[in-house]
There are 2 protein chains.
Amino acid sequence: MSLSHALLGLLAVEPASGYALTKSFEESLGRWAWHAGHTSIYPELNRLAERGLVEVTAEGARGSRTYAVTAAGREELRSWLLRPPQQSGKVRNEEVLRMFLLSALDPGDARVVLAHIAENTAAGAAELREVRAAHAGGSFTGPEGFGQLAAEFGLRQYQAVHEWALWAIEQLDADPA
Amino acid sequence: MSLSHALLGLLAVEPASGYALTKSFEESLGRWAWHAGHTSIYPELNRLAERGLVEVTAEGARGSRTYAVTAAGREELRSWLLRPPQQSGKVRNEEVLRMFLLSALDPGDARVVLAHIAENTAAGAAELREVRAAHAGGSFTGPEGFGQLAAEFGLRQYQAVHEWALWAIEQLDADPA
DNA sequence: TACTGACATGTCGTTCTTGACATGTCGTGG
DNA sequence: CCACGACATGTCAAGAACGACATGTCAGTA
C-alpha cells in the first residue's frame, strides 16, 4: 500500500504528529500525489509502529504523539523509492478524467470546460509561484527541499495543462466540424 | 463515483462492450486519469443500466453486449463535466508520490531516481509522439478527437515532468549540501 | 482434431477508503 | 469565565476496489 510509504516519506523528512501529517496531506501531498484523510492516517500510523517502521519519539499537549521513522522504516522507504517502477501504477485523478472526457461534449460545451481549466491552472500557477518564492534559497534535501521540489513540480504541471487547454481551444476554433 | 462518469464518457463518444471498455482503461484512460479493472467495470455497467443511464443496443458473438448512453446518461455526463470543479478532488498517483518523497533520500539516491524518471518520461514522450502522428488530421470531437486531445495532453505531461527531473538534477549538482 | 490465445463476462472474499460520529484539550478574545 | 475555533485522536458501518477464481466462445493454426 502506498499510504504507508507516503507516511514514511513525510516522517523521514521530519518527525511529525498524525495531525500534522493530516495537514500535509491536505495542503500539498494530497493535492498532487496521494489523497488520505485522518481516518486512514491514524490507523496506518499504528500499524507502522507495530511493524517497527516508525516510533513515537515524543508526546505533547492534547495527547499528541510525535512519530519518527526507525532505521528499518528508512530502509523500507529507500528500497521502495529505488525499486524499478513497474508499469500499471494505479492512477486516480478526477480533474484529469474530466479532460479525457471532453470529446464527449459538443464543441461549445467543450470550449466552456477548457476555458475553466485554463483559468484554474493559471490561478494555481500564480499561487505556486508565491510558494516557490517563499521557499527559495534553501537546501534541496530535507524539509526545505521538499517544498522547493514539490512547488516547482506543481508549477510546471499547471503550466503544461494551461498551455494544453489553450492549444485545445485553438484547435476547436480552427476546426469547428 | 467517478467510475460511472468515466464509463458514460467513453460510451458517449462511441458505444462499446464491457470488454472494449476494459481495454480502453488499460491502454489510455487508466494510465492517465482513472484506473479500473473489469471486475469493477462489469458490475458498474449493470448498475448504470438499472439507473437508465446506459442501455444494451446490440448483442454479439461470445455473449458480448454493446452498451450506449441514453439521453438521461448524456445529460448526467454533461452536467458532471460542466459542474464547477470543487476543490479537493481525490488524487492517487504512485509515480507522483515517488517524486514528492525524493527529499527523503540522500542526494546520491535522489539523483538515481531522478535519472530514472528523466529516462522513463523521455521514452513515454517518444511513444506518444507516434500515437499523435497516427491520429493526426481528424476532427476534434468524437472518437478521433479523443485520441488527439489525450495524446497531446499526455505528451505535454511527460515533457513537463522530464524537464522538471532535469532541472532537479541540476539543482542537486549545483547545491551538494 | 486439438490446442492456443484473444474475446467476453461474471462472482466472491478480503482489503481499503470514506463519511459520520465521538471525545477531549488548549489558547484567545469577548 | 465562557465560548469558539484550532488542535488532536479515535471508532465504526457502509461502500468501493482488487485479486483470485470461474466459465465459456470463437478463430487460427499445427
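Every chain is numbered from 1, with letters handed out A, B, ... down the list of sequences.
The stretch residues 49-70 of chain A participates, sequence neighbours left out, in no salt bridge (Lys or Arg N to Asp or Glu O under 4.0 Å) pair at all. Residue pairs meeting the ring pair (Phe, Tyr, Trp, His ring centres under 6.0 Å) criterion with at least one partner in residues 2-21 of chain B, sequence neighbours excluded, are H5(B)-W80(B).
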Base-contact (B) and sugar-phosphate-only (S) positions in nucleotides 1-15 of chain C, heavy-atom cut-off under 4.0 Å, - elsewhere: -----BBBBBB----
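Using a 4.0 Å heavy-atom criterion, one finds that R92(B) contacts the sugar-phosphate atoms exclusively.
With a 4.5 Å cut-off on side-chain heavy atoms, R78(A) and D109(B) count as touching.
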Under the salt bridge (Lys or Arg N to Asp or Glu O under 4.0 Å) rule, what do R31(B) and E27(B) come out as? Steps first, then yes or no, please. CA-CA 7 Å; R31(B) 292 171 56 83; E27(B) 286 157 24; over 6 Å; no
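A straight line from CD1 of I41(A) to P of dG10(D) spans 12 Å, rounded to a whole angstrom. In this structure, CE of M1(B) is placed 20 Å from P of dC16(C), rounded to the nearest angstrom. A straight line from NE2 of H5(B) to C1' of dA16(D) spans 16 Å, rounded to a whole angstrom. The CD atom of E26(B) sits 14 Å away from the C1' atom of dG19(D) (whole-angstrom rounding). Atom CZ of F25(B) is separated from atom P of dA17(D) by 10 Å (rounded to the nearest Å). We find that CD of E59(B) is positioned 17 Å from C1' of dC26(D), with the value rounded to whole Å. For the pair R47(A) CZ and dT11(D) P, the computed distance is 11 Å after rounding to whole Å.
The side chain to side chain donor-acceptor pair (under 3.5 Å) search around R74(B) returns none, not counting sequence neighbours. Residues passing the side-chain contact (heavy atoms from CB on, under 4.5 Å) test with N120(B), sequence neighbours excluded: P85(A). The ring pair (Phe, Tyr, Trp, His ring centres under 6.0 Å) check on Y158(B) picks up W32(B), with sequence neighbours excluded. With sequence neighbours excluded, the residues forming a side-chain contact (heavy atoms from CB on, under 4.5 Å) with R47(B) are M1(B), P43(B), E44(B), listed by chain and number.
An angle of 10°, rounded to 10°, separates the two end axes of the helix from dT1(C)-dA30(D) to dG30(C)-dC1(D), each defined over five pairs.
L166(B) forms part of no hydrophobic cluster, judged by ILVMFWY side-chain heavy-atom separations under 4.5 Å.
Contact annotation: K90(B) side-chain N/O to dC16(C) OP1/OP2 distance is not under 4.0 Å.
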